[in-house]
Amino acid sequence: MCWLDRESVLPAEQERLLRFLKLSEEAGEVAQAVIGATGQNPRKGHSHTWDDVQAELCDVIVTAMVALRTLTPDAQRVFEGHLRRVAGRVPGAAPASP
C-alpha cells in the first residue's frame, strides 16, 4: 500500500476520501456486471458473465481492505474481530475461535 501513497499527488486527506469513494465505484461495477449477466439492458444484451460478477465482487473486497488499511495499520485485526462478531450473530453457528 505504500506505493499508493507514494504515487499520489493529492493531499493525504483527499487521497483517503477518494479511497472510500472508490468503493461506490466498484459496487457500481458489480451492478453493471449483474445487469450484463442477466441481459437486463436491451441495448447491450448479455454483455457480462457470472465470472465477471465474481471478479467485480473481488475488486470490492480488495478496495474495501485498502480503505480499511488506510484508516488503521491494524486492518487485519479489525477485520478478523468484525468477522467473529458477525459469525456470533449467525443462529446455530459454532463460536468463532479467537
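Predicted, not measured: the structure shown is a model, and the values here were computed from it. Residue numbers start at 1 and run along the sequence shown.
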Shared hydrophobic cluster for Val62 and Leu57 (ILVMFWY, side-chain gaps under 4.5 Å): no
Side-chain heavy atoms of Val66 within contact of Arg69, under 4.5 Å: no
Closest contact, heavy atoms only, Gln32 versus Lys44: NE2-NZ, 4.0 Å
OG1-NZ distance between Thr70 and Lys22, expressed to the nearest 0.5 angstrom: 13.0 Å
Contact summary for Glu56 and Ala33, nearest pair of heavy atoms: CG-CB, 4.1 Å
Nearest heavy atoms of Glu26 and Asp59, plus distance in Å: OE1-CB, 3.3 Å
Hydrophobic cluster identity match, Val34 and Val60, side-chain contacts under 4.5 Å: yes
Nearest atoms (heavy-atom pairs only) where Glu13 meets Arg16: OE1-NH2, 3.1 Å
Euclidean distance, Asp52 CG relative to Thr49 OG1, rounded to 0.5 Å: 3.5 Å
ILVMFWY cluster, Met65 and Val78 together (side-chain gap under 4.5 Å): yes
Path from Ile61 to Phe20 over hydrophobic side-chain contacts below 4.5 Å: no
Hphob cluster co-occupancy, Leu68 + Val86, side-chain heavy atoms under 4.5 angstrom: no
Side chain to side chain donor-acceptor pair (under 3.5 Å) partner of Glu80, the single match among Gln76, Arg84, His82: Gln76
